[in-house]
Amino acid sequence: MPTPAPNPHLPFGDQRGAPWYGKDILSVRQFNREDLEYIFAVSHEMRTMVERVGTFDLLKGKILANLFYEPSTRTSSSFTAAMERLGGSVIPINEVKYSSVTKGETLADTVRTLECYADVVVLRHPETGSAAIAAKAARKPVINAGDGTGEHPTQALLDALTIREELGHLDGLTITMLGDLKYGRTVHSLARLSSLYKVKLNYVSPDLLRMPAEIISELKASKMEQTEHSSLDPVLAETDVLYVTRVQKERFENEADYEKVKGAYVIDKATMKSAKQRMIVMHPLPRVTEISMDFDEDPRAAYFRQMEYGLYVRMALLAMVLGKA
Ligand code: ASP
């Protein structure tokens, strides 16, 4: 559903009638181009405020429950930092093994509990569709911070912001996704989000790790230009954004398959000689061996800058669902 334009005169006011107030953020399918423009604008404001004052009281008195059933460094800590920079506080549940989950409590009951104490729940869970289940059980907003191999919408939003900030626009770009396109939820979300723009998508992966057919046909229906390859060579020179992913070891049913593909691609200084000078290399992180450290100093290596954009996007999203942006 298209979102009504926000009130430009009240960028940080109390807007209980604001379009995102009380909403869940479960999938990138919820967003249209105008929404993205709005999120980029609010994220930009957040950046300015952080640079100017560090912390401010927009969400003073609000509480976030950060519920993580899977490991996380960036997503978990950037949501915490986002809430605290906005003057709010956080209930961190990073080790569900110390919570009632180990006593057999269902996800729905855990979320119902947390929303008694918090105003918004951020959830990471190993099962696809878990965020939607949690959102159904909860009255307060649920933000999907990664549901199995499904989606990672807040990552895709920060990825899109990174591309916009680094290259100025998304329309007309060629984005090449490399590595584990089967299990990588970040590429599932980013591919879907890219369909809002005039972007060409190249998928480069071993046969075992190809982009799921249902995503390819979903994007075909929206007239997206997509190509599939097993080698980076044919597409590197035309690439504006090289989006590298980790082979998701934890999703494999057998170790032998993981062993076959784990070192399939390595981006290093030598590989990048045939790429454009004005392009960027992104990675949702953590990286294992797929980007060599010898490339980190190259100005095209955007993956460390990318994680900083995550803070501003998550500040924007928290302010939006809590009715303050
Ligand atoms: N941090 C990202 C995710 O949670 C990417 C990864 O783990 O490889 O999906």
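Numbering of ligands and ligand atoms starts at 1, following listing order. The structure displayed is predicted, hence computed values, not measured ones.
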Min N/O separation Thr186 to ligand 1 under 3.5 Å: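 Thr186 vs ligand 1: no N/O contact under 3.5 Å.
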Short N or O distance, Arg185 and ligand 1, threshold 3.5 Å exclusive: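 In this structure, Arg185 places an N or O atom under 3.5 Å from an N or O of ligand 1.
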Test item: [X] side-chain N/O and [Y] main-chain N/O as donor-acceptor pair under 3.5 Å:
| X | Y | answer |
| --- | --- | --- |
| Asp240 | Met279 | no |
| Ser189 | Thr186 | no |
| Gln248 | Arg246 | yes |
| Glu166 | Ile280 | no |

Answer with yes or no whether [X] contacts ligand 1, where contact means a heavy atom under 4.0 Å from a ligand atom.
| X | answer |
| --- | --- |
| Pro286 | yes |
| Arg74 | no |
| Leu285 | yes |

For ligand 1, the portion of Gln155 having any non-hydrogen atom under 4.0 Å away: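 Neither; nothing of Gln155 gets under 4.0 Å from ligand 1.
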Per-residue contact class, His152 against ligand 1 - non-hydrogen pairs under 4.0 Å: side chain
Candidates Met315, Arg314, Met307 - the one meeting side-chain contact (heavy atoms from CB on, under 4.5 Å) with Leu311: Met315
Between Thr227 and Asn202: side-chain donor-acceptor atoms closer than 3.5 Å: yes
Nearest-neighbour protein heavy atom for atom 7 (O) of ligand 1, which is reported as residue plus atom name and distance: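 It is Arg246 NH2, 2.9 Å.
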Phe295 and Tyr303 aromatic ring geometry - parallel, tilted or perpendicular at 30°/60° bounds: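 Plane angle between 30° and 60°, so tilted.
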Ligand-residue contact atoms, ligand 1 with Arg124, heavy atoms, under 4.0 Å: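 Going through ligand 1 atom by atom, the ones under 4.0 Å from Arg124 are 4 (O).
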